[in-house]
Amino acid sequence: MSQRRKQYPFDQIEAKWQAHWETSGTFRTLNPGEPGFDPARPKYYVLDMFPYPSGAGLHVGHVEGYTATDIVARHRRKLGYNVLHPMGWDAFGLPAEQYAIRTGQHPRTTTEGNTARFREQLKRIGFSYDWSREIDTTDPGYFRWTQWIFLQLYGSYFDTEANAARPVHELTARRRAGHPGESEADLRAWVDARRLAYIAEAPVNWCPRLGTVLANEEVKDGVSEVGGFAVERRPMRQWMLRITDYAERLADELEDLDWPDGIKALQRNWIGRSEGASVRFALEGHPATIEVFTTRPDTLFGATYMVLAPEHPLVEEITGPAKRAAVEEYRERVASKPDLERIDLSREKSGVSTGARAINPVNGEAIPVWIADYVLMSYGTGAIMAVPAHDERDFEFARAFGLPVRQVVQPAGEEPGGNACFVGEGVNVRSGFLDGMPTPEAKEAVTLWLEERGLGARAVKYKLRDWLFSRQRYWGEPFPIVWDGERHEGLPESELPLLPPDLDDFRPTGEGEPPLARVKDWVQLPDGRRRETNTMPQWAGSCWYYLRFCDSGNGDRFVSEEAERYWMGGERSGGVDLYVGGTEHAVLHLLYARFWHKVLFDLGFVGTREPFQRLINQGLVLGADNQKMSKSRGNVVNPDDVVAAFGADSLRLYEMFMGPLEQGKPWSERGVEGVYRFLGRVWRLAMEPEGEEHWAISARLGDVEPSPALLRVLHETIRKVGEDTESLFFNTAIAQMMIFVNAMTGERIRPVRVLTSFLHVLNPYAPHLSEELNARLHTAFPGLSGAELAYAPWPEWDEAVLAVSEVEIVVQINGKLRDRIRLPAGSPEAAVLERVRASEKIGAALSGRAPRKVVFVPDRLVNLVVGGEKA
RNA sequence: GCCGGCGUGGCGGAACGGUAGACGCAACGGACUUAAAAUCCGUUGAGGGCAACCUCGUGCGGGUUCGAAUCCCGCCGCCGGUACCA
């Protein structure tokens, strides 16, 4: 293909227009208050998930989502919206730091090189970003505000009455008033334990290979998501964010969002709300009680033993002397067991008896208390009542240790008995006052019974855990926190940004001490206080970047109130109008960002409850072999190569033509050539070759009246592409453009006005080619078109032009197609039926039978229903 | 296991419950060319017929409907998420 003449000179055209957009600031977006800003226009904020600028460069998967949003942004500009369409870099992250550890090259150097390459690649595809708003999470001018938001979290607590965050000083004042005698130190400790950002000594996911702790979300199947290294649990002092307080709102407020059901389900699942009851069991001969959470209080009569998590604080107290040694041994074994093993052996139940016995509150029965690692300290109360007849895990455990199984719920219409496990709903038996009740009723009844006696209450639990927020890394935001002995406090705002010290050895210490701890003169303050040496996780910067884009140059505030109100307010409940990105962020990024946003909302810093009103997940772009693209498979497509061979417009168009945006689909080199040829056909509608190198305005172009048929195709194209673009059905929009071009190609003399109208429609999709052709036509036919398309109004279509005089009506017999007849549009039923009766085919097919019923759909079809066999 | 999504020609994919297969790719035929490429014009779900046409066809089995790729029930297969969450 190298020697072949190009379909059109895309290389010159694309470079020319990209330079033009850059030098004339075409896509610079004004903020309210700036000269020239037009407040009368509606706003539209269309956002991509900004990339981590990896060393591998831009991926065709990035290009898919970015092209989609770019088409929407360009379309909206032509519809008269003020469009915010920004781009930036989520540039803190492990790869740059790992590279630094290996080579000694500072992560900043690596990061700068990578971002420069990404920026260059994106510009070569012609995305209409407002580059003046570009942000970089590693820029002190940016992370200053990430640190500032952390201080807001640190300075707040969750007020359960208001179901919202409030400043911590309010809590302090209230506590002081209520507990006048309390010492300052105790008061402080009490308040500190309630901050949204707090310190906890908790079992964490420690990854020795990476030398850092990881969030639950960063651990998959017992190994780190990055690198796949073994992760073990060990107790460490860490910063945590109290996201669990927001579990209810994060789940409930998902409802009104215009997000794919699958993503909502994923988040709901992650938050994991369960409704049930908490029940308190007394202990035989011991003052303590065991509280459990259950979703099946109706099975309480079937509880035959209890299980505490091995780490449960009560274990120590209640274990009988005879069992002490075994319990100790078991607890140690579990504690040292790496997570990987704990998962591998998941189906093998293990545990030991404590010797203690608990009293079942409903029947006074004494049942043994065990410890077992299938009960997790981190969920519910860390203790369960075991009902082997109606819970599979309990059933397995009971079988392994010979514990009794007592059926108390029977499936409707079956006899009681049997030693199997039944987890469904049914009717209670052997359950005292619950006997005969169907499951839902029994749940209600027993909960009420427990509540009346102060033995339990209805309860809601969430799977969601608090967010482990500190990392033992160099390449992240330092915490704006200083320690005075055991006391911590936030830095004053005036000291932000807190910059990390420069370093030449980036290795973690291996024992949980972060690299920053090595820089003594940074850590140690003159007054004896010490800086926090952990850094924030990579998620921090992406939790609020969409806000910064509204006002990225602001040096006084994270975003001005005016800019936030304008760009984030608006349609329905507000926020980003369209957010496009991959499913890999369905739970982590999207949940964290929603959490921060809600805190900022509670504190009055933003005006919307949710950040992202409408979310779309683009599907995976697979290799030509239908497998995920990967170096090892050798099926990776580099966007640069595609741009070099076929041009940016072809790359854009192909990625949109492959199939529905949200669906995964394989790459096809042939497919790229197909759209490349299509763009060549568009070019040749207006241009013809002149000599070896040049192109001239085509002699077949003229300022002539289009035929009604051609005009109809044009208007249909304007209508369909407009509608499909709005619905993000880009593949069918492009198909319609192809239909138009096929029609136009057949015209002997091509009406130039029809062509210029079409170029508006093509413009969001293939901006370079359309601008170039329009500019050339503008020169050749002055007065017929504006000089530039980017902001020129989207053309209008006319219903009258679309109207057809004659329609084809389908004639069916019993739903089967038998004939088609042509009739004037809008023909009444009687006229249509007359023609149907005249049809030979229909007469033959009816063979004398009379229609029992006639279904008539105007301008579409007639269905004759005839009785069974023959009349 | 559970939760989501998807099964339509040789391939990517179109089809408000109303003509299944738009558009593109591939393939085949023709025009142009000394020739090829490029381009332009056709054909192309399967089976049958010289033909006009006929029959069958949207993973499988049922159902609702005048009419189902589309809605409902039950399976099968693939992809993604999740996993002792009481």
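Numbers restart at 1 for each chain; the letters A, B, ... are given by sequence-line order, proteins then strands. Values below: every heavy atom of this structure, side chains too, minus hydrogens, waters and symmetry copies.
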Closer than 3.5 angstrom, by distance alone: can the side chain of A:D819 be matched with the main-chain N or O of A:K841 as a donor-acceptor pair? no
Is A:K463 touching bases, backbone alone, or none of the nucleic acid, heavy atoms closer than 4.0 Å? base
Sorted by number, the residues of residues 616-626 of chain A with heavy-atom contact under 4.0 Å to RNA chain B: none
Roughly how far apart, to the nearest Å, are B:A51 and B:A22 at atom P? 23 Å
What does A:P260 touch in the nucleic acid at a heavy-atom separation under 4.0 angstrom: a base, only the sugar-phosphate, or nothing? nothing
Which value, in whole Å, describes the distance between the C1' atoms of nucleotides B:C2 and B:G13? 32 Å
What contact category does A:G680 fall into here, base, sugar-phosphate, or nothing, at under 4.0 angstrom with non-hydrogen atoms? nothing
Between B:C71 and B:G81, how far is it from one P atom to the other, in whole Å? 26 Å
Please list, for nucleotides 26-35 of chain B, all pairs of protein and nucleotide N/O atoms separated by less than 3.5 Å.
residue: B:A26; atom: OP2; partner: A:R677; partner atom: NH2; Å: 3.3

Give, ordered by number, those residues of residues 732-739 of chain A having at least one heavy-atom distance below 4.0 Å to an atom of RNA chain B; if nothing qualifies, reply none. A:T732, A:A735, A:M738, A:I739
Which is it for B:G74, anti or syn, if anything within 90° of zero counts as syn? anti
Picking from B:A86, B:G12, B:G81, the nucleotide nearest the side-chain atoms of A:I384 would be B:A86
Taking the C1' atom of each, how far is B:C56 from B:A20, in whole Å? 13 Å
Can you check whether A:Q736 reaches A:V761 side chain to side chain, under 4.5 Å on heavy atoms? no
Scan A:N731 against the nucleic acid and name what it touches under 4.0 Å (heavy atoms): base, sugar-phosphate only, or nothing. sugar-phosphate
Answer yes or no: is there a side-chain heavy-atom contact under 4.5 Å between A:L802 and A:E716? yes
Locate the shortest heavy-atom distance separating A:P666 from A:G623; write the atom from each residue and the value. CB-O, 3.5 Å
Closest to the 5' end of RNA chain B, once A:V675 and A:L266 are matched to their nearest nucleotides, is A:V675
Using a cut-off of strictly less than 4.0 Å, decide whether A:K853 has a side-chain nitrogen or oxygen near OP1 or OP2 of B:C66. yes
Measure the shortest side-chain to side-chain distance between A:I384 and A:D394 over non-hydrogen atoms and say whether it is less than 4.5 angstrom. yes
Between A:L861 and A:F657, who's closer to the 5' end of RNA chain B by nearest nucleotide? A:L861
Please tabulate the protein-to-nucleotide N/O contacts below 3.5 Å involving nucleotides 46-50 of chain B, giving atom names and distances.
none

Of the candidates B:A14, B:C40, B:A38, the side chain of A:Q7 sits closest to B:A38
So salt bridge (Lys or Arg N to Asp or Glu O under 4.0 Å) across residues 293-310 of chain A, not counting sequence neighbours, yields A:R296-A:D298
Tell me, please, whether A:W270 has A:R594 positioned over its six-membered ring: NZ or CZ under 6.0 Å from the ring centre and within 45 degrees of its axis? no
Choosing from B:C66, B:A14, B:A86, which nucleotide comes nearest the side chain of A:Y379? B:A86
Using the six-membered ring wherever Trp is involved, compare the ring planes of A:W467 and A:Y592 and label them parallel, tilted or perpendicular (cut-offs 30° and 60°). parallel
Report which part of the nucleic acid A:G674 touches: base, sugar-phosphate, or nothing (heavy-atom distance under 4.0 Å, all strands). sugar-phosphate
Correct closest heavy-atom pair for A:I243 and A:D466 would be N-OD1, 3.2 Å
Using the salt bridge (charged side-chain N to carboxylate O under 4.0 Å, His left out) criterion, which residues pair with A:K461? Sequence neighbours excluded. none
Pairs: protein N or O with nucleotides 61-64 of chain B N or O, under 3.5 Å:
none

Less than 4.5 Å apart, side chain to side chain, heavy atoms only: is that true for A:V854 and A:N863? no
Qualifying residue, where the test is side-chain contact (heavy atoms from CB on, under 4.5 Å) with A:R331 and the options are A:D373, A:V315, A:V352: A:V315
What is the ring orientation for A:F397 with A:F401, classed by angle as parallel under 30°, tilted 30 to 60°, or perpendicular over 60°? tilted
From the list B:A86, B:C41, B:C84, which nucleotide is the closest neighbour of the side chain of A:F293? B:A86
Can you tell me if A:R633 uses its side chain to pair, donor with acceptor, with the backbone of A:K628 under 3.5 Å? yes
Using the C1' atoms only, state how far B:A36 lies from B:A31, rounded to an integer number of Å. 15 Å
A:E806 atom CD: more than 12 heavy-atom contacts under 6.0 Å: yes
For nucleotides 53-59 of chain B, list the nitrogen or oxygen atoms of the protein found under 3.5 Å from its nitrogen or oxygen atoms, one pair per line.
none

C1'-based separation of B:G7 from B:G67 [nearest Å]: 24 Å
Would you say A:L464 and A:L591 make side-chain contact, with heavy atoms under 4.5 Å? yes
Nucleotide pairing, RNA chain B (Watson-Crick or G-U, distances under 3.5 Å), in dot-bracket with [ ] and |: (((((((..(((.....[....))).(((((.......))))).((((....))))..(((((..]....))))))))))))....
More than 12 heavy atoms of other groups within 6.0 Å of A:R748 CZ: no
Taking OP1 and OP2 of B:C23, is either one under 4.0 Å from a side-chain nitrogen or oxygen of A:N742? no
For residues 650-659 of chain A, dump all side-chain donor-acceptor pairs below 3.5 Å to protein atoms at least two apart in sequence or in another chain.
residue: A:S650; atom: OG; partner: A:F646; partner atom: O; Å: 2.9
residue: A:R652; atom: NE; partner: A:Y765; partner atom: O; Å: 3.0
residue: A:R652; atom: NH1; partner: A:D70; partner atom: OD2; Å: 2.9
residue: A:R652; atom: NH1; partner: A:I125; partner atom: O; Å: 3.3
residue: A:R652; atom: NH1; partner: A:G126; partner atom: O; Å: 3.3
residue: A:R652; atom: NH2; partner: A:D70; partner atom: OD2; Å: 2.8
residue: A:R652; atom: NH2; partner: A:P764; partner atom: O; Å: 2.9
residue: A:Y654; atom: OH; partner: A:S668; partner atom: N; Å: 3.0
residue: A:E655; atom: OE1; partner: A:E64; partner atom: N; Å: 3.1

Examine A:K349 relative to A:Y374 and say whether NZ or CZ is less than 6.0 Å from the centre of the six-membered ring and inside a 45° cone about the ring axis. yes
May I ask you to say what A:S668 touches in the nucleic acid, namely base, sugar-phosphate or nothing, with a heavy-atom cut-off under 4.0 Å? nothing
Hey, are the side chains of A:T745 and A:R681 touching, using non-hydrogen atoms and a 4.5 Å cut-off? yes
A:Q663 side chain N/O closer than 4.0 Å to the phosphate oxygens (OP1, OP2) of B:C79? no
Should A:K443 and A:E425 count as side-chain neighbours, where that means a heavy-atom distance under 4.5 Å? yes
Sort me out a list of protein N/O and nucleotides 73-77 of chain B N/O pairs below 3.5 Å, or just none if empty.
none

Atom C1', compared across B:U64 and B:C11: separation rounded to whole Å: 35 Å
Compare side-chain N and O positions of A:S274 against OP1 and OP2 of B:A86 and report whether any pair is under 4.0 Å apart. yes
Sorted by chain and residue number, the side chain to side chain contact (heavy atoms under 4.5 Å, CB included) partners of A:R406 (sequence neighbours excluded) come out as A:T304, A:N363, A:E365, A:V408, A:R430
Within the 4.5 Å heavy-atom criterion, are A:P260 and A:L615 side-chain neighbours or not? yes
Inter-nucleotide C1' distance (B:C84, B:C78), Å rounded: 28 Å
